[in-house]
Each structure stands twice: as structure tokens, then as C-alpha cells.
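Owing to the predicted nature of the structure, the values given are computational and were not obtained by experimental measurement. Hydrogens, waters and symmetry mates are skipped; everything else that's a heavy atom, side chains included, is used. Counting starts at 1 for both ligands and their atoms, following the listed order.
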Amino acid sequence: MKKVTAIAHTNIAFIKYWGKTDELLRLPYTDSLSLTLDDFYTETSASISDEDEFFLDDKLITGKKAERVFAFLNYFRQKYNINDKFSIKSYNHVPDSAGLASSASAFAALSASVAKAAGLNLDLTELSRLARVGSGSASRSIFGGFVQWHAGNDDETSYAEQFDDAKKSDISILSVIVNKNKKNISSTVGMNLTRDTSPFYKEWPNVIEQDLIEIKKAIKNNDIQKIGQIAEHNAMKMHALTLSANPSFNYFEPETITVMNIIHDMQKNGIHAYFTIDAGPNVKVICDKKDVTIIKEKLEKQLTDPTIVITKPGPGITYK
Ligand code: PMV
């Protein structure tokens with residue numbers, strides 16, 4: 001039986017996706033923009049099989065944990081009129097204890113491998129639409145470099161595309177791992193609560209529109225400082241939405257705030273480091289590669305035993 005292996009990398013949003021207009025199709029309220037990262041990726045093989053089965057890092061996954069994968073396979077079969085069942089084997093390649101396993105790379109790799117195993121030849125746009133239904137941010141992991149996800153208003157119009165391949169950029173990301181535990185409010189639950197209860201949510205589309213214009217200019221000018229400033233402010237505006245939800249919630253751990261304060265101190269001292277944070281406690285620091293060493297040293301000096309992983313822009317989907 002033909003086995004198809006696809007590799008997809010994680011991405012970090014500089015302009016965040018936060019809120020869906022359609023739960024099932026995962027249509028977002030707004031566009032978003034991310035950088036695909038090297039080093040962190042998922043490798044997934046799909047082959048036709050008697051029953052659907054899902055292995056993660058060589059372990060058979062059943063029950064609730066596998067449901068999202070099986071629901072995705074059902075959607076895939078229905079969409080493309082396919083009757084086959086699939087054996088899925090995934091490996092998460094994340095540097096030791098980085099705590100950064102991601103549904104973005106997982107569903108991007110799954111989409112690419114299963115489509116090919118079923119004999120479909122989907123272009124990248126179509127793959128992005130498909131991956132989106134597995135996890136919103138997965139739509140962006142189909143592409144490398146800087147990627148924009150167009151919100152659209154239905155399945156056809158909501159997909160990601162590469163904005164800039166980042167090949168000439170010296171941008172680097174330091175992932176500062178403060179906590180490896182799973183977040184206790186999933187991004188979907190957090191998004192819905194914010195959308196329904198934050199008095200500030202109505203401003204969010206305007207915020208995104210402005211931030212997108214500015215960051216795209218900064219990317220084209222290869223202005224890493226500006227990219228970092230815009231991304232940091234965008235992330236804080238997203239987290240301000242969670243703080244203003246009712247009931248209020250947040251994704252920060254004490255160490256998250258410590259890292260934020262250390263980065264702000266660096267900025268005051270003329271070091272060009274900026275941060276962004278997703279729906280979890282870990283912090284990603286955005287900087288020019290020439291500043292990586294000093295930023296890492298300063299973080300290591302002020303934190304107890306931190307895990308810091310350095311990465312650069314990564315590629316889109318590849319097949320093995
Ligand atoms: O696609 P999800 O459900 O993993 O949600 C991603 C949400 C954020 O990471 C916070 C923002 C983003 O655009 O990736």
C-alpha cells in the first residue's frame with residue numbers, strides 16, 4: 001500500500017487570529033499573519049488501511065485524544081467523496097522538552113499526507129483550506145516564510161498564502177519555555193468567551209486591519225525592529241481581550257511576566273528584542289540574528305534554568 005510522508009513546520013503569529021465566525025469550518029473573524037519556523041515540525045505518514053488509526057510518536061492514540069483527527073478524516077472523505085480509511089503515523093520533531101508541539105504543523109502535515117495517499121493532487125491553496133478545518137493556524141503552516149491567512153467569508157475564500165519567503169531576512173526567534181504543561185483554556189474556548197463577552201472585541205477587526213498594513217510594510221522593508229514592535233503590541237492587544245472577558249482569564253504564568261519585563265528592560269537599554277505570546281505561557285522573542293547571543297545570555301542570567309530554543313524562518317510543506 002502506498003505510504004505518503006509529509007513534513008510541516010509550526011508557525012508563530014505576529015498578527016493573531018483570535019475568534020471564529022464558523023466553528024466547523026474554522027472561518028476566522030480577521031486575517032492573520034505568521035512566520036513559519038524552522039526546527040519545529042511534524043512528520044506524518046498516511047496510507048490506506050482497513051480502519052482509521054492514529055499513532056503519535058509510535059503510540060496508538062484512541063478515545064478523546066484521537067477524535068479530532070478522526071473528525072478531520074471524516075470531513076476529508078465527505079468533501080472529496082472518498083471511501084478509504086487511513087492509517088496515520090505522526091512524529092513531532094520538537095527540540096527536547098521545548099513544549100511547543102503544535103496543532104498547526106500537525107494538521108498541515110496530516111492534510112498533505114492524507115490528500116496524496118488518497119490520490120488527490122491538491123494545490124497549496126486547496127491544502128491550506130483543508131488544513132484550516134483541522135486547526136485554524138494550520139492553514140498557514142502549508143507555506144514557508146511570512147504567511148497571511150485571508151479570513152474570507154466561506155470555505156472557498158478562507159485560505160493562507162505566502163506574503164514573503166523571508167529568505168533574505170535575518171529575523172530570529174528565541175522560544176523561551178517557561179512551562180511545559182498544557183494550557184487549561186483551549187484556544188477555541190478562549191476565543192469564543194472573548195468574542196461573546198469582551199467589550200473590546202468589536203475593536204479587534206480594526207486593530208488587525210491597521211496592524212496588518214503596518215507589518216506588511218515593515219516586512220517589505222526588512223525592518224526587523226518594526227516587525228517586532230508591531231507583533232509585540234498585537235499580541236498584547238490579544239491578551240488584553242482575554243483579560244477583559246467575563247469571566248476574565250489569561251494564559252500567563254508568573255515566569256511569562258518575568259520574561260516580558262526582562263525584554264522591556266532590554267528595550268530600555270537599547271537592545272532590539274520584542275516578544276509575542278500565543279494561547280499559552282511560553283514567550284517567543286523576535287530579534288535580528290546578530291543580537292541572539294546577547295539576548296540569550298541576558299535571559300539565562302535572569303531566569304532560573306530556562307529552556308531557550310533559537311530558530312529562524314522555515315519552509316512550507318515538503319514530502320519525503
Ligand atoms: O489554530 P489554533 O486553534 O491553534 O489557534 C491559534 C491561536 C493563536 O495561536 C493564539 C493565534 C494564531 O494566530 O496562531
Ligand-side contact atoms (ligand 1) for residue partner S103, heavy atom cut-off under 4.0 Å: 4 (O)
I want to check a possible cation-pi pair here: K220 against F163, using under 6.0 Å from ring centre and within 45° of the ring axis as the test. yes
Near G136, which atoms of ligand 1 are under 4.0 Å from a heavy atom of that residue? 1 (O)
Considering only residues two or more places apart or on different chains, which pairs with a residue in residues 59-75 satisfy side-chain hydrogen bond (donor to acceptor under 3.5 Å, both in side chains)? N74-R77
Tell me which part of M191 gets within contact of ligand 1: side chain, backbone, both or neither, using heavy atoms under 4.0 Å. side chain
Taking the six-membered ring of Y29 as reference, does the NZ or CZ atom of K20 fall below 6.0 Å from its centre and within a 45° cone about the axis? no
Strictly under 6.0 Å, is that where the ring centroids of H264 and F275 end up? yes
For T157, check side chain to side chain donor-acceptor pair (under 3.5 Å) against everything at least two apart and list the hits. N153, D154
R140-ligand 1 polar pair, N/O distance under 3.5 Å: yes
Test salt bridge (charged side-chain N to carboxylate O under 4.0 Å, His left out) on E126 and K79; report intermediate values, then the result. CA-CA 12 Å; E126 186 66 27; K79 180 167 189 187; 3.5 Å; yes
Ligand-side contact atoms (ligand 1) for residue partner A279, heavy atom cut-off under 4.0 Å: 10 (C)
Could you list which atoms of ligand 1 come closer than 4.0 Å to a heavy atom of S137? 1 (O), 2 (P), 4 (O), 14 (O)
Is it true that D196 and Y201 share a donor-acceptor pair across their side chains at a distance under 3.5 Å? no
Mark up the atoms of ligand 1 that fall under 4.0 Å of a heavy atom belonging to W18, in ascending order. 10 (C)
Under 3.5 Å between any N/O of S187 and any N/O of ligand 1: does that happen in this structure? yes
Output yes when the distance from some N or O of ligand 1 to some N or O of S135 is under 3.5 Å, and no in every other case. yes
Is K312 salt-bridged to D170, going by a charged N under 4.0 Å from an acidic O? no
Output the list of atoms in ligand 1 that are nearer than 4.0 Å to some heavy atom of A13, sorted by atom number. 12 (C), 13 (O), 14 (O)
Only heavy atoms count here, so choose which of F14, Y17, F107 is nearest to atom 13 (O) of ligand 1. Y17
